[in-house]
Amino acid sequence: MKELDYAKMGMRIRQVRKAKGWSQDALAKKCGISMSFLGHIERGTRIMSLETFASICQALDAGADELLWGVANASDMVLDLWKPSKPQDEEQSKGTDSYSMYIKIMKSVAEIMNET
């Protein structure tokens with residue numbers, strides 16, 4: 001099984017944040033964490049919870065694969081299989097952004113674990 005490189009993951013978070021022109025403080029506020037903790041995450045000196053990781057992915061509008069492994073949008077292909085097939089189903093699924101993000105993260109983790 002691949003091991004997470006927290007320093008590289010933090011570097012990718014920093015790169016996406018800077019590409020958006022955001023300060024650490026701005027991202028930290030969006031995620032509900034302290035700027036100090038975000039600094040540790042970006043340096044790879046602290047490990048965040050899954051909830052915090054999901055918040056960062058959502059705030060940055062970045063996929064879990066992109067931040068974990070540097071593989072952009074691999075999870076999007078998996079989520080395409082989960083998209084509602086009828087327009088009325090799509091209406092019912094609105095407002096489930098946090099559920100979609102959760103599914104995206106869990107699918108990414110499952111794919112990665114199956115690669116080994």
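As the structure is a computational prediction, the values presented were derived from the model and not from experiment.
A chain of hydrophobic side-chain contacts below 4.5 Å, direct or via other Ile, Leu, Val, Met, Phe, Trp or Tyr residues, connects Leu50 to Met48. Residues Phe37 and Leu4 are members of one and the same hydrophobic cluster, defined by side-chain heavy-atom contacts under 4.5 angstrom among Ile, Leu, Val, Met, Phe, Trp and Tyr. Hydrophobic clustering keeps Met35 apart from Ile33 (ILVMFWY residues linked when any side-chain heavy atoms are closer than 4.5 Å, directly or through intermediates).
For the atom pair CG (Leu38) and OG (Ser23), the distance works out to 9.0 Å, reported to the nearest 0.5 Å. Taken to the nearest 0.5 Å, the CD1 atom of Ile56 stands 14.0 Å off from the CG atom of Asp61. With rounding to the nearest 0.5 Å, the separation of CG in Leu27 from NZ in Lys20 is 10.0 Å. To the nearest 0.5 angstrom, Phe53 atom CZ is 5.0 Å from Leu67 atom CG.
Qualifying side-chain contact (heavy atoms from CB on, under 4.5 Å) partners for Gln15, counting only residues two or more places apart in sequence or in other chains: Met11, Arg12.
Residue pairs meeting the salt bridge (Lys or Arg N to Asp or Glu O under 4.0 Å) criterion with at least one partner in residues 27-42, sequence neighbours excluded, are Arg14-Glu42, Arg17-Glu42, Asp25-Lys29.
When all heavy atoms of Cys57 and Ala64 are compared, the pair lying nearest together is SG-CA, 4.0 Å.
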